[in-house]
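Reading through the structure tokens given below for one structure.
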Amino acid sequence: MATAYNHKLIEGKWRKNWEANPINVEDGKKPKYYCLDMFPYPSGNGLHVGHWRGYVISDVWSRYKMMQGYYLIHPMGWDAFGLPAENYAIQNGVHPSVAVERNVANFKRQMNEIAAIYDWDREVNTTDPDYYKWTQWIFVKMFKEGLAYEKEMPINWCPSCKTGLANEEVVDGKCERCHSEVTKKNLRQWMLKITAYAERLLSDLDKLDWPEKVKKMQSDWIGKSYGAEVDFKVDGMDESITVYTTRPDTLWGATFMVLAPEHALAAKLATDETREAVEKYIFDSSMKSNVDRMQDKEKTGVFTGSYAINPLNGKKTPIWLADYVLADYGTGAIMCVPAHDDRDFEFAKKFDLPIIQVIAKDGVEIENMEEAYTEAVGTMINSGDWNGMESSVLKVEAPAMIEKMGYGKKTTNYKLRDWVFSRQRYWGEPIPIIHCPDCGAVAVPEEQLPVLLPDVEKYEPTGTGESPLAAIDSWVNTTCPCCGKPAKRETNTMPQWAGSSWYFLRYVDSKNPDELVNKDKADKYLPVDMYIGGVEHAVLHLLYARFYTKFLNDIGVVDFDEPFTKLFNQGMVCGRDKETGAATKMSKSLGNIVSPDDMVNDYGCDSLRLYELFIGPPELDSIWDDRGIDGVYRFLTRFYTMAVKNIENPGAETPELIKLRNRLVYDITTRLESFSLNTVVSGFMEYNNKFVDLTKNGGVDRETIKTLVQLIAPFAPHMGEELWEMLGETGSVFHASWPIFDKAAMEDDVITIPVQINGKTKGTIDIAKDAAKDDVIAKGKEAIADKLEGLNIIKEIYVPGKIVNIVAK
RNA sequence: GCCGAUGUGGCGGAAUUGGCAGACGCACCAGACUCAAAAUCUGGCGGUGGUGACAUCGUACCGGUUCGACUCCGGUCAUCGGCACCA
């Protein structure tokens, strides 16, 4: 006799069963499917319902793929280096690994509640020396290829905490922790030459099945532009200044030039009269943080006293310094065309510099210009030989023309900068470099990796801008691998992004002591077919991972150059602000974090899984509402009761049921394929209502129930297995193949269509699906005859199988 | 400022991509069962008018295309996200 749905009993039973008989096993014949979750930072707060959402989505997809006959790679691991564990260590004096270990245990416990098919044999942890050995190995390879280099450069510096800060740690120009004003400090940094891959990172976006939004963010970040470098001679000096411009068509309109204060010639251009002001400006700029520089919208600048000569017309133009010109983009110098550039216009207005229009908008020169005309559309004027040309054409042709004239060259530029790769922190991978007074920076030999992160007494930054590692003499002092003389270890550590830039490779061979990944395994299991995670990593992590993969491809470690074939970004689950009721990110400080633990206990894993999907379209943000889960719980209860009744007492397989079954498979499959997971759940509910009705009127046949159980299994796996067993089927439901549908079997012979007058529905008619147009229209008119009375029929429309519309007055 | 997304009942959201707007669910209301409550089941549930089968308005706003528009086009507003002096 059927018992009521008891989620605890059913879920407990199948959890044990899966443990004893794993369902995802490789048989050497099945093709692989690699479905990856972005691995989490194991924070002390544990998982909340927002994390669950992404993991449920990926598990549903994984189980679906499994039922389609794939061997699954569906691993999980820990991105465990990072500041929270370090700060915890500073406050409590315990090693960060202690907090990590505890948090990982809690995460694992919570993840087991999801019932996702994670293969824990593949587990990785970025803080494990066996793992970061290879993070360091990649760095050594990059160093040897010239892609990792040292550079003295200004970074954000907090004078109170006496430490360097990452950009993310600077909020409104102030230190996130102590709120003092952040300045700049020159520090030696390790850099990765990601710019060497700019073009490939940009053009290969085309071959990715990723959300357009993410591709656009990456392409904007890389920021390729086309233009020309133009050489201007400095009047009366044996120097020339090269500027970069994307608008060489406006070259005749250049009325001044501006250099970044950091430009190599900046001080040299000063005359006796201007020297004091110029030096002061350069000094002041150096004291300003990047943040201040970006926030000061009001333009500042100083005239150097020197002039540059426009190569096209020989005109002398004054050279200024201004911090709105960036030193590290293009050549650090620009030609200024105030008539056709907003910033130059503003600068010219402020310092009373001449404005010459060279593009006539609609063929007419603008009188009393109040803002720059920035579009490259119009006829060239005041431009010598170029007069009369179309700006849009000239813009494209000018770079080559200028190059031909010998005044410069055609070129492209990228906004992408090299990656500042060193951190003055403890809890990260030591950079495997040894500094020798004679040999310079030398890589630690590969056979000596990993360079272990040593224990320290204090985790705090030292105050000199060095990491706490610098205080351990016994660790720092070593010998040069090249010449054997005394040398010192690099004490900077890597950023958190290092370990996460390649972890997806390690999963397929996570315990290999000799190689980053075995070549055969890489060929067999990689790349990742589906990558699921939040959109917050759209640029940084995903760009770094692509860069690493391309590099590892270049040195022959892997055979592919893009790591993630398909990407899906799930929306964030928001909580409500307790006072305003507005949707906000779930956070500890707002006290609106919803933990899944109680929900699993009260409603069960299957209910929570369904609710996570039902809450809204998976790609959009949604607001968590505890009450809604009652609805899916009621559905599962009704579904279970309905299924059990029909298993015990099946109905006959009627034509109606065959039709319904085929439609069910069609609806669920197409919705699942298009990732419309919220409508999959509502679809199950809708069909279930029909089946509940049918159960009271003759019952549902066994084949239909069986199909239903297979379909629901990826979503509610415990329920799926339980009913599968009740059906008397052997083995796991996940080894049964995904049901298929027959489109012909779905169609009705008689269909109901609306009849409209002037586009407004006035009634419906039942017609044969292949009925002739005239018959349908006649029948339609008959059905609404009373409403057509007194009207003149102008036109009669029948869209086969869809609608009848009578146009009448 | 630039780029992108979104805007549908009290709420979360559907709409086969131009064809019956509001599926499915939450909340709410009424009824059944119960001594009673919970659970469960049945029915109702966009606004306005009418006792009523019905009429009429309605998908942020204004306009357009179409026999027909939540859907397409032009413009406006609001909310959210990304970039932000990249020459």
Side-chain angles (χ1 to χ4, degrees), chain A residues 4 211-214 216-217 220-221 223-225 227 243-248 250 254 257-258 260 293-299 322-326 328-337 340-344 346-347 374 413-417 535-536 538-539 571-572 574 582-583 610-611 614-617 619-632 634-635 637-638 641 663 666-667 670-671 676 678-689 692 752-764 787 794-799 801-808:
Chain A
E212 287 306 316
K213 181 187 173 183
V214 175
K216 180 148 196 323
M217 279 169 77
D220 286 351
W221 189 267
K224 185 176 187 177
S225 65
V243 302
Y244 172 69
T245 178
T246 57
R247 293 297 302 279
T250 64
M257 179 185 276
V258 175
R293 236 165 112 159
M294 281 189 289
Q295 273 168 353
D296 285 350
K297 288 289 180 188
E298 181 78 4
K299 295 219 172 352
D323 66 6
Y324 80 90
V325 174
L326 305 175
D328 58 352
Y329 179 79
T331 61
I334 60 169
M335 65 173 208
C336 296
V337 186
H340 304 291
D341 182 278
D342 291 327
R343 297 147 303 183
D344 298 346
E346 192 192 329
F347 196 83
T374 57
N413 250 309
Y414 300 89
K415 290 187 194 175
L416 185 69
R417 309 294 151 88
V535 76
E536 66 272 17
V539 174
M572 197 167 56
C574 295
L610 285 185
Y611 187 51
F614 188 55
I615 190 166
E619 70 280 10
L620 298 182
D621 291 351
S622 42
I623 300 166
W624 186 263
D625 181 351
D626 277 343
R627 289 177 300 189
I629 195 171
D630 284 320
V632 290
R634 279 177 205 140
F635 155 69
T637 306
R638 281 193 284 249
T641 308
R663 282 187 188 163
Y666 173 83
D667 279 344
T670 51
R671 290 173 191 189
S676 179
N678 54 325
T679 62
V680 169
V681 178
S682 64
F684 276 125
M685 289 172 169
E686 193 179 350
Y687 276 98
N688 189 52
N689 291 341
V692 168
T752 303
I753 62 166
V755 183
Q756 302 181 327
I757 298 175
N758 299 330
K760 306 227 161 166
T761 303
K762 299 293 175 183
T764 58
K787 288 168 185 129
I794 297 163
K795 200 172 172 185
E796 294 163 343
I797 293 157
Y798 171 54
V799 182
K802 294 273 191 189
I803 204 157
V804 173
N805 190 14
I806 310 292
V807 185

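Each chain gets a letter, A, B and so on, in the order the sequences are listed, and its residues count up from 1. FYI, side chains are in, hydrogens and waters are out, and symmetry mates aren't considered; it's all heavy atoms of this structure.
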Please tabulate, one pair per line, each protein N/O and nucleotide N/O from nucleotides 3-7 of chain B that are separated by under 3.5 Å, including the distance.
| residue | atom | partner | partner atom | Å |
| --- | --- | --- | --- | --- |
| B/rC3 | O2' | A/Lys216 | NZ | 2.8 |

Discussion item. Can you confirm if the NZ or CZ of A/Lys299 lies within 45° of the ring axis of A/Tyr324 and under 6.0 Å from the centre of its six-membered ring?
Written reply: yes

Item to complete: Tell me which of A/Pro617 and A/Arg638 sits closer to the 5' end of RNA chain B, going by the nucleotide each one is nearest to.
Response: A/Pro617

Worksheet item: Hey, which of these two, A/Lys762 or A/Arg627, hits RNA chain B nearer its 5' end, going by closest nucleotide?
Response: A/Arg627

Item to complete: Quick one: do A/His340 and A/Thr374 satisfy side chain to side chain contact (heavy atoms under 4.5 Å, CB included)? Show the steps, please.
Response: CA-CA 5 Å; A/His340 304 291; A/Thr374 57; 5.8 Å; no

Practice prompt. May I ask you to say what A/Phe614 touches in the nucleic acid, namely base, sugar-phosphate or nothing, with a heavy-atom cut-off under 4.0 Å?
Written response: base

Heteroatom pairs (N/O) under 3.5 angstrom, protein to nucleotides 17-21 of chain B:
| residue | atom | partner | partner atom | Å |
| --- | --- | --- | --- | --- |
| B/rG19 | N2 | A/Gln756 | OE1 | 3.4 |
| B/rC20 | O4' | A/Thr761 | OG1 | 3.2 |

Item to complete: Could you provide the dot-bracket string of RNA chain B, using ( ) for intrastrand pairs, [ ] for crossing pairs and | for bases paired to another strand, with Watson-Crick or G-U pairs below 3.5 Å?
Response: (((((((..(((......[....))).(((((.......))))).((((....))))..(((((..]....))))))))))))....

Discussion item. Distance check needed: B/rC83 P versus A/Trp221 CH2, whole Å only.
Written reply: 6 Å

Item to complete: Could you tell me whether the phosphate oxygens of B/rA14, OP1 or OP2, come under 4.0 Å of any side-chain nitrogen or oxygen in A/Asn678?
Response: yes

Worksheet item: Base, sugar-phosphate, or nothing for A/Arg417, non-hydrogen atoms under 4.0 angstrom?
Response: base

Worksheet item: A/Arg247 and A/Asp341: salt bridge (charged side-chain N to carboxylate O under 4.0 Å, His left out), yes or no, with the steps?
Response: CA-CA 10 Å; A/Arg247 293 297 302 279; A/Asp341 182 278; over 6 Å; no

Item to complete: To the nearest Å, give me how far apart CG (A/Asp341) and P (B/rG1) are.
Response: 18 Å

Practice prompt. Identify whether any heavy atom of A/Asp344 sits under 4.0 Å from a base atom; if not, whether one sits that close to sugar-phosphate; answer base, sugar-phosphate or nothing.
Written response: nothing

Discussion item. What I'd like to find out is whether the side chain of A/Asn688 reaches to under 4.5 Å of the side chain of A/Arg638, using heavy atoms alone.
Written reply: yes

Fill in: Spacing between A/Arg671 atom CZ and B/rA14 atom P, to the nearest angstrom
11 Å

Worksheet item: Are OP1 or OP2 of B/rA87 and a side-chain N or O of A/Tyr329 less than 4.0 angstrom apart?
Response: yes

Discussion item. Starting the side chain at C-beta, find the nucleotide from B/rC85, B/rG12, B/rA15 nearest to A/Lys299.
Written reply: B/rC85

Worksheet item: What does A/Lys415 touch in the nucleic acid at a heavy-atom separation under 4.0 angstrom: a base, only the sugar-phosphate, or nothing?
Response: base

Discussion item. It should be established whether A/Arg634 places a side-chain nitrogen or oxygen under 4.0 Å from OP1 or OP2 of nucleotide B/rU40.
Written reply: yes

Worksheet, complete the sentence: Winner on side-chain proximity to A/Val325, out of B/rG82, B/rA87, B/rC24, is B/rA87

Worksheet item: Within the structure shown, what part of the strands sits under 4.0 Å from A/Ser225 by heavy-atom distance: base, sugar-phosphate, or nothing?
Response: sugar-phosphate

